[in-house]
Amino acid sequence: MARRYDCNESTDRATGLREAASAVRRGELVVLPTDTVYGLGADAFSGEAVADLLTAKGRGRTMPTPVLIGSPNTLHGLVTDFSEHAWELVDAFWPGALTLVARHQPSLMWDLGDTRGTVAIRMPLHPVAIELLTEVGPMAVSSANLTGHPAPEDCDAAQQMLGDAVSVYLDGGPTPGIVPSSIVDVTGKIPVLLREGALSPEELRKVVPDLEVAS
């Protein structure tokens with residue numbers, strides 16, 4: 001039976017975060033608010049939990065799950081060949097609606113799907129998400145919807161779609177925005193905008209003037 005906690009109420013928030021952290025450590029799924037839409041999350045280092053996440057969404061391995069982190073410092077243990085441009089983007093836009101596609105450390109024991117040696121990684125600008133990520137470490141997080149359905153802007157919509165496939169729902173109220181994060185590939189010498197979302201090419205070029213836009 002799924003449990004739901006109102007994170008706008010201090011006691012319920014504390015209990016909910018504690019229960020969500022325990023659920024993640026047990027390899028179970030949780031729903032959490034972010035600064036874009038609600039996310040469905042699992043321990044990034046549990047292949048079984050990530051597989052359950054993909055199954056709950058009805059999503060295949062060809063669409064790997066992004067990873068959310070609670071601090072830019074966490075990047076040092078997760079990525080390799082991270083360019084100066086990439087760090088400049090982190091400094092300018094994290095926490096926030098910018099996802100970076102980088103090469104992950106080859107020694108990492110995780111299975112996020114067919115990533116081909118890369119990981120899509122972001123630090124969200126949401127206090128509940130950051131508090132949970134700080135407690136449990138990197139999480140595989142995808143939008144909390146069934147594949148083909150709209151990404152949920154509130155906890156009700158997420159729970160209606162995912163039901164008891166999720167152990168803990170953290171209800172932070174309506175999300176601040178519904179526009180997805182912008183995605184920039186930083187695996188090469190020149191950053192490439194793969195998806196324009198909350199951040200426009202013009203905003204990004206204020207930090208990395210040579211940014212290219214994928215055709």
Side-chain angles (χ1 to χ4, degrees), residues 7 31-41 44 63-105 108 110 112-113 115-145 150-153 170 172-215:
C7 292
V31 161
L32 63 153
T34 78
D35 48 341
T36 54
V37 297
Y38 271 77
L40 173 64
M63 297 180 67
T65 306
V67 169
L68 295 188
I69 59 176
S71 167
N73 290 333
T74 307
L75 282 169
H76 294 289
L78 300 180
V79 300
T80 186
D81 300 327
F82 208 63
S83 67
E84 188 63 33
H85 280 323
W87 283 115
E88 289 168 351
L89 289 167
V90 167
D91 290 342
F93 298 113
W94 278 17
L98 174 65
T99 297
L100 297 177
V101 176
R103 299 193 186 283
H104 68 70
Q105 294 279 1
L108 288 177
W110 62 13
L112 302 169
T115 65
R116 299 181 181 179
T118 65
V119 60
I121 197 162
R122 184 167 87 89
M123 179 182 176
L125 182 59
H126 196 289
V128 174
I130 288 178
E131 193 167 343
L132 180 59
L133 292 162
T134 300
E135 177 66 24
V136 302
M139 290 180 63
V141 179
S142 183
S143 55
N145 60 295
E153 303 170 45
L170 297 177
T175 58
I178 61 170
V179 180
S181 65
S182 294
I183 302 177
V184 175
D185 185 337
V186 293
T187 59
K189 291 183 178 180
I190 298 175
V192 179
L193 179 62
L194 301 179
R195 180 183 75 186
E196 181 178 350
L199 296 168
S200 67
E202 292 72 26
E203 289 175 285
L204 294 164
R205 284 187 176 126
K206 291 177 183 177
V207 178
V208 284
D210 56 349
L211 175 89
E212 295 181 353
V213 178
S215 57

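The figures that follow rest on heavy atoms only: side chains count, while hydrogens, waters and symmetry mates do not.
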How far apart are the closest heavy atoms of [X] and [Y], and which atoms are they?
{"X": "Pro33", "Y": "Ala129", "answer": "O-CB, 3.4 Å"}
{"X": "Val179", "Y": "Gly197", "answer": "CG1-C, 3.5 Å"}
{"X": "Ala144", "Y": "Gly39", "answer": "CB-C, 3.7 Å"}
{"X": "Pro95", "Y": "Pro124", "answer": "CB-O, 3.4 Å"}
{"X": "Ala198", "Y": "Ala97", "answer": "CB-CB, 3.5 Å"}
{"X": "Val192", "Y": "Ala214", "answer": "CG1-N, 3.8 Å"}

Can you tell me if Tyr38 uses its side chain to pair, donor with acceptor, with the backbone of Gly172 under 3.5 Å?
->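 Yes: the side chain of Tyr38 pairs with the backbone of Gly172.
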
Answer yes or no: is there a donor N or O on one side and an acceptor on the other, between the side chain of Arg205 and the main chain of Leu211, under 3.5 Å?
->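 Yes, because the side chain of Arg205 sits within donor-acceptor range (under 3.5 Å) of the backbone of Leu211.
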
With a 3.5 Å cut-off and sequence neighbours excluded, list the donor-acceptor pairs that the side chains of residues 68-79 form with protein atoms.
from	atom 1	to	atom 2	distance (Å)
Ser71	OG	Asn73	N	3.2
Thr74	OG1	Ser71	O	3.2

Answer whether the closest heavy-atom distance between the side chains of [X] and [Y] falls below 4.5 Å.
{"X": "His126", "Y": "Leu32", "value": "no"}
{"X": "Phe93", "Y": "Leu100", "value": "no"}
{"X": "Pro180", "Y": "Val37", "value": "no"}

What pairs meet the salt bridge (Lys or Arg N to Asp or Glu O under 4.0 Å) rule with one or both residues in residues 117-133, with sequence neighbours excluded?
-> Arg13-Glu131, Asp35-Arg122

Could you give me the CA-CA distance, side-chain angles and deciding distance for Thr175 and Thr34, then say whether side-chain contact (heavy atoms from CB on, under 4.5 Å) is met?
-> CA-CA 7 Å; Thr175 58; Thr34 78; 5.5 Å; no

Please step through side-chain contact (heavy atoms from CB on, under 4.5 Å) for the pair His104 and Leu112, ending with a clear verdict.
-> CA-CA 11 Å; His104 68 70; Leu112 302 169; over 6 Å; no

Please list all pairs passing the side-chain hydrogen bond (donor to acceptor under 3.5 Å, both in side chains) test where one or both residues lie in residues 186-197, with sequence neighbours left out.
->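 Every pair satisfying side-chain hydrogen bond (donor to acceptor under 3.5 Å, both in side chains) with a residue in residues 186-197: Ser181-Arg195, Asp185-Thr187.
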
Begin with the C-alpha distance, continue with both residues' side-chain angles, and end with the deciding distance and a verdict on side-chain contact (heavy atoms from CB on, under 4.5 Å) for Glu88 and Val208.
-> CA-CA 8 Å; Glu88 289 168 351; Val208 284; 3.9 Å; yes

Not counting sequence neighbours, which residues clear side-chain contact (heavy atoms from CB on, under 4.5 Å) with [X]? List them please.
{"X": "Glu135", "result": "Ala21, Arg25"}
{"X": "Thr134", "result": "Ile130"}
{"X": "Ile190", "result": "Asp210, Glu212"}

Do Leu98 and Leu204 pass the side-chain contact (heavy atoms from CB on, under 4.5 Å) test, and can you show the C-alpha distance, the side-chain angles, and the key distance before you say yes or no?
-> CA-CA 10 Å; Leu98 174 65; Leu204 294 164; 4.1 Å; yes

